[in-house]
Amino acid sequence: MAVVVVGVGVQQQFLCSSESKWSIPTTPCNPLTSSILIRPFKKIQFSVISCSSSSSSSSSSSEAETQTAESCVNLGLQLFSKGRVKDALAQFETALTLNPNPVEAQAAFYNKACCHAYRGEGKKAADSLRIALREYNLKFGTILNDPDLASFRALPEFKELQEEARIGGEDIGNSFRRDLKLISEVQAPFRGVRRFFYVAFTAAAGISLFFTLPRLIRAIQGGDGAPDLLETAGNAAINIGGIVAFVALFFWDNKKEEEQIEQISRDETLSRLPLRLTTNRVVELVQLRDTVRPVILAGKKETVSLALQRAERFRTELVRRGVLLVPVIWGEGRETKTKTKIEKKGFGRPQKAAEALPSIGEDFDKRTQSIASKSKLKAEIRFKAEVVSQAEWEQWIRDQQKSEGVTVGEDVYIIMRLDGRIRRSGKGMPDWQQIVKELPEMEAFLSKLER
């Protein structure tokens, strides 16, 4: 959950969150010369003074005079850390009525969305996030990263919001779509060149047709000096056919780009899904890139259990190929309301959760630096991992099934590459002997190319 950080007597403002999950500076700040009040997001153990009431009328008047958007946002965070979600929500709403600056408004809307998500109010959470995205330049990657919005990401409202962000437009902004298009261009670097030739050849055919049509009319009319009808008609047909073909190719390429962007969006969501390793450490799937090949097994308990038993026979060979089994049993492990409250109170990460990595659109160097500790992580990885936030995993798998034309809820497996992309998938459970033959060992040259 976000927290606003505002300088005391200084005009620098920052938007921060717990454990360095995200920060959006508006102006550079010199820590040696500026006095900055930093209120990190965590469980705060001190008494809370409400912005809206006091024990006496005089103190209430004094409190009202000093009430600011910043103080209400920070007070809302304190209230929420104590489990007083309703009171925290009231403070964030109050902050929005106190003429907040853009940074404070972004923090208020974002934290308000977190409160609504905690209360199970998906539509209200989506509306608040939509405003923050459109009017206050909130990065969509922040929504993908934040574990405090895990319950929201499993709701249909998140899917709708993500689809809007993927398409872009006035209602939600274009930053997320720009990020997706950049990745798409990297994966398909010659698409722009192809489009240029499609347009150029279409224009050339159009110009040729423009001069051919009068000749065709003269050929039809006949008379002295009239061009040959069959030859002219053939030229016109070639030009028309070329225009149709190149326009069709142009739209086909556009369709493929949209499909690719949609897949990239799903891959980005997948990369942020959390896993618990055998050491009880919680990591995001993106942190395992270049280290393992996750194999997701989704289905009924009996089917998945049988697949895991069969995999034990090939354990040594699969480990040498970097296979990490990720079982997802339909309907198992869904949090009860009580469990959800315990885990989400204070909007903090689990104690052993790993630090989140930057999302697309953020500094790639930060992500690279965050993965510098992979050697330590390798020692913690074993043969199997446990999913965290079951509902999010199930929702992603169901979306993937829809995109592949597979019946939703059917038993499926998904084999991933070392670079985090999907290698292949199929119905039922995998043939482990075939996988051993198919996947190269981690030290093999083909594995290095896959990274």
Requested in this report: Taking the side chain as every heavy atom from C-beta outward, state whether Leu133 and Phe140 have any atom pair closer than 4.5 Å.
Outcome: yes
**Report entry** Gly409 backbone acceptor or donor facing Trp330 side chain under 3.5 Å
**Finding:** yes
Query raised in the report: How far apart are the C-alpha atoms of Arg266 and Gln263, what are their side-chain angles, what is the distance that settles it, and do they pass the side chain to side chain donor-acceptor pair (under 3.5 Å) test?
Result: CA-CA 5 Å; Arg266 284 196 302 271; Gln263 183 61 51; 2.4 Å; yes
Query raised in the report: Are Lys123 and Glu157 ion-paired here, with the side-chain N under 4.0 Å from a carboxylate O?
Result: no
Report task. Apply side-chain contact (heavy atoms from CB on, under 4.5 Å) to Asn74 and Gln91, showing your working. Result -> CA-CA 9 Å; Asn74 285 325; Gln91 292 301 324; over 6 Å; no
Query raised in the report: Between the side chain of Glu93 and the main-chain N/O of Ala90, is any donor-acceptor distance below 3.5 Å?
Result: no
Would you tabulate the side-chain donor-acceptor contacts of residues 294-304 under 3.5 Å, counting partners in other chains and residues two or more places apart, or write 'none'?
| residue | atom | partner | partner atom | Å |
| --- | --- | --- | --- | --- |
| Lys300 | NZ | Asp411 | OD2 | 3.2 |
| Thr303 | OG1 | Asp411 | OD2 | 3.1 |

Query raised in the report: Taking it one step at a time, do Leu324 and Arg293 satisfy side-chain contact (heavy atoms from CB on, under 4.5 Å)?
Result: CA-CA 6 Å; Leu324 178 69; Arg293 293 184 173 102; over 6 Å; no
Requested in this report: Return yes if some donor-acceptor pair links the side-chain N/O of Gln106 with the main-chain N/O of Ala132 below 3.5 Å, else return no.
Outcome: no
Query raised in the report: Do Asp146 side-chain atoms and Thr142 backbone N/O form a donor-acceptor pair below 3.5 Å?
Result: no
Report task. Would you confirm whether Arg153, through its side chain, and Ile143, through its main-chain N or O, come within 3.5 Å as a donor-acceptor pair? Result -> yes
Report task. Could you tell me whether a side-chain N or O of Trp432 sits under 3.5 Å from a main-chain N or O of Ala307, the two making a donor and an acceptor? Result -> yes
Requested in this report: Before accepting this row, confirm whether a basic side-chain N of the pair Arg130/Glu164 lies closer than 4.0 Å to the acidic partner's carboxylate O.
Outcome: yes
Query raised in the report: Do Ser208 and Asn239 have a side chain donor and acceptor closer than 3.5 Å?
Result: yes
Requested in this report: State, without any angle test, whether Gln401 and Thr407 hold a side-chain donor-acceptor pair at a distance under 3.5 Å.
Outcome: no
Query raised in the report: Is the shortest heavy-atom distance from the side chain of Glu386 to the side chain of Leu275 under 4.5 Å?
Result: no
Query raised in the report: Will you find, in the side chains of Ser271 and Glu284, an N or O donor that is under 3.5 Å from an N or O acceptor?
Result: no
**Report entry** Partner of Glu450 by salt bridge (Lys or Arg N to Asp or Glu O under 4.0 Å), out of Arg417, Arg423, Arg421
**Finding:** Arg423
Query raised in the report: For Leu285, does its backbone N or O pair with a side-chain atom of Arg289 as donor and acceptor, under 3.5 Å?
Result: no
Query raised in the report: Trp393 side chain to Pro274 main-chain N or O, any donor-acceptor pair under 3.5 Å?
Result: yes
Query raised in the report: Between Arg272 and Glu392, is the closest basic N to carboxylate O distance under 4.0 Å?
Result: no
Query raised in the report: Do the ring planes of Phe201 and Phe246 sit parallel (below 30°), tilted (30 to 60°) or perpendicular (above 60°)?
Result: tilted
Report task. Dump the intermediate steps for side-chain contact (heavy atoms from CB on, under 4.5 Å) on Phe314 and Ile435, then the final yes or no. Result -> CA-CA 10 Å; Phe314 303 92; Ile435 289 178; over 6 Å; no
Query raised in the report: With a 4.5 Å limit on heavy-atom distance, are the side chains of Thr202 and Phe250 in contact?
Result: no
Query raised in the report: Between Arg398 and Glu410, is there a side-chain N and carboxylate O pair less than 4.0 Å apart?
Result: no
Query raised in the report: Is there a donor in the side chain of Arg191 and an acceptor in the side chain of Gln260, or the other way round, less than 3.5 Å apart?
Result: yes
Query raised in the report: Under the side-chain contact (heavy atoms from CB on, under 4.5 Å) criterion, do Ser128 and Tyr110 qualify, and how do the steps go?
Result: CA-CA 7 Å; Ser128 296; Tyr110 184 80; over 6 Å; no
Query - Under 3.5 Å side-chain donor-acceptor pair for Asn254 and Glu258 - result: no
Report task. Please check if the side chain of Thr232 supplies one atom and the backbone of Leu229 the other of a donor-acceptor pair under 3.5 Å. Result -> no
